[in-house]
Amino acid sequence: MISFRPDLLYFNPDRTLKPKMDFLRDVGFSIPDLIFLLSKNPCILTSSLGNQIVPAYGFLKSILGTDEVIISTAKRAPWLLHTDLHKRMGSKIKFLQDHGVPDSIISAVIKHQPRCFLNVRLDRFTEALVKLEAMNFRPSTSSFYMAFGTLLSLNESLWEEKFELYRSFGWSEDDILSAFKKRPQIMELSKDKMRRMMDFFLKEPKLGLPVVVNCPHLLAHSLEKIIIPRWSVIRVLTSHGILNKDVNLYAICKLKEEKFLERYVIKYQEKVPQVLQAYQGKTIFGD
């Protein structure tokens, strides 16, 4: 903090710094929370408690509701606590309310994408809303807030780049839009992860493009840590006739690690020792 804001050394600890930390502690910030928050943004300590921090917290309280949600949101965007939020967010919130977006959805967008409400111009809000209306997203749904946040986080050129990358792997425009409606975050993936994911699904003969198009939630998982090890185990077990060949890969990937190990590795490792080797990456896709 001092390297970023050396002027903190000139502030009176009791008169200037302590009241701000006391306020944050009173509303629920733990010591670890404060360490994280202030190390990320020591400017909070140089801001006015009465003119900036308290009004910002009050604004967030009116939108987000609980101290717990405010704390988690502030940790995502520490500068929220010393910003004129009424000026930076007020018109955007009213815009969404005027277009039928419920307060619960607005709160969810702010909670998960607080930077968008601070850094994105109002005209981008209009563009995103028009695009979502064209895709038949309903403002009252959770998929709307996820899609809205995704659109705000991507400029038009990056959206087109990722659209074209999916096309290069054989996705049609309908495939992309259908998958986006199910899992808007597919457009937030890095281009490198998108390539690695699609290379895997297209090269693995038992999967292919339809699997990931129909279940884009698969793209949320780590390829190296989740998908490949678990699919390798499944391939071993199906090749030995233990499992049905029509296994739902997404259901497999959703399992907690201990549950997967118990159900598919430990249960069969005496009968089929290769399952442990497959899980450890020593056997590739059941070969």
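None of these values were measured; they are calculated from a predicted model.
Other residues, nucleotides and ligands place more than 12 heavy atoms under 6.0 Å from the NZ atom of Lys61. With a 6.0 Å radius and a threshold of 12 heavy atoms from other residues, nucleotides or ligands, Lys267 has its NZ atom at or below the threshold.
When the side chains of ILVMFWY residues are joined at heavy-atom separations under 4.5 Å, either directly or via intervening members, Val275 and Ile226 end up in two distinct hydrophobic clusters. Taken together through direct or relayed side-chain contacts under 4.5 Å among Ile, Leu, Val, Met, Phe, Trp and Tyr, Ile93 and Val69 form part of one hydrophobic cluster.
Summarising the geometry of Leu154 relative to Met187, their closest heavy-atom pair is CD1-O, 3.4 Å, with the distance given to 0.1 Å. The two atoms that bring Leu64 and Lys111 nearest to each other are CD2-N, 4.3 Å, heavy atoms only. Taking every heavy atom of both residues into account, Pro102 and Pro139 meet most closely at CD-O, 3.4 Å. What you find for Asp33 and Gly28 is that their closest heavy atoms are OD2-O, 4.2 Å.
Listed by first and then second residue, the ring pair (Phe, Tyr, Trp, His ring centres under 6.0 Å) pairs that reach into residues 80-105 are Phe95-His99, sequence neighbours excluded. Pairs passing the ring pair (Phe, Tyr, Trp, His ring centres under 6.0 Å) check and including a residue from residues 30-75, sequence neighbours excluded, read Phe23-Tyr57.
Between the CD1 atom of Ile44 and the CE atom of Met21 there is a distance of 10.5 Å, given to the nearest 0.5 Å. If you take OG on Ser239 and CD1 on Ile234, they are separated by 11.0 Å, rounding to the nearest 0.5 Å.
Between the side chain of Arg183 and the backbone N or O of Cys215 there is no donor-acceptor pair closer than 3.5 Å. Looking only at distances, a side-chain donor or acceptor of Ser168 sits under 3.5 Å from a matching main-chain atom of Leu165. Distance alone, capped at 3.5 Å, places no donor-acceptor pair between the Lys162 side chain and the Ile186 backbone. Using a distance-only test at 3.5 Å, with no hydrogens or angles considered, no donor-acceptor pair links the side chain of Arg138 to the main chain of Phe144. Remark: side-chain polar atoms of Thr141 are not paired, donor with acceptor, to backbone N or O of Phe137 under 3.5 angstrom. Distance alone, capped at 3.5 Å, places no donor-acceptor pair between the Lys20 side chain and the Ile53 backbone. Between the Gln52 side chain and the Ser48 main chain, a donor and an acceptor come within less than 3.5 Å of each other. Judged purely by atom type and a 3.5 angstrom limit, Lys181 has no side-chain atom pairing as donor or acceptor with the backbone of Asn136. At least one donor-acceptor pair closer than 3.5 Å links the side chain of Thr150 to the backbone N or O of Met146.
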For this session: Check the pair Tyr264 / Val236 against side chain to side chain contact (heavy atoms under 4.5 Å, CB included), numbers first and verdict last.
Result: CA-CA 10 Å; Tyr264 295 102; Val236 168; over 6 Å; no
For this session: I would like to know whether Phe260 and Tyr279 meet ring pair (Phe, Tyr, Trp, His ring centres under 6.0 Å); could you show each step before the answer?
Result: CA-CA 10 Å; Phe260 176 83; Tyr279 191 70; 5.7 Å; yes
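The shortest distance between side-chain heavy atoms of Tyr145 and Gln113 does not fall below 4.5 Å. For the pair Tyr268 and Gln274, the minimum side-chain heavy-atom distance is 4.5 Å or more. Using a 4.5 Å cut-off on side-chain heavy atoms (C-beta onward), Leu37 and Leu24 make contact. Between Leu80 and Ile70, the closest side-chain pair of non-hydrogen atoms is not below 4.5 Å. Looking only at side-chain heavy atoms (C-beta outward), Arg76 and His112 come within less than 4.5 Å of each other. In this structure the side chain of Leu207 never reaches within 4.5 angstrom of the side chain of Val212, judged on heavy atoms. Side-chain contact between Leu255 and Arg263 is present, with at least one heavy-atom pair separated by less than 4.5 Å. In this structure, the side chains of Ile63 and Phe117 stay at 4.5 Å or more apart for every pair of heavy atoms.
With respect to the salt-bridge test (charged N to carboxylate O, under 4.0 angstrom), the residues Arg88 and Asp84 do not qualify. Salt bridge Asp199/Arg195: absent, no basic N to carboxylate O contact under 4.0 Å. Salt-bridge formation is detected for the pair Glu156/Lys131: a Lys NZ or Arg NE/NH1/NH2 atom is positioned less than 4.0 Å from an Asp or Glu carboxylate oxygen.
Aromatic ring pairs are classed by plane angle as parallel below 30°, tilted from 30° to 60° and perpendicular above 60°; the pair His217 and Tyr250 is tilted. Ring-plane geometry between Trp171 and Tyr166 is classed as tilted, the angle between the planes lying from 30 to 60 degrees on a 0 to 90 degree scale.
Of the N and O atoms on the side chains of Asn155 and Ser157, at least one donor lies less than 3.5 Å from an acceptor on the other residue. Side chains of Ser178 and Asp175: no donor on one and acceptor on the other come within 3.5 Å.
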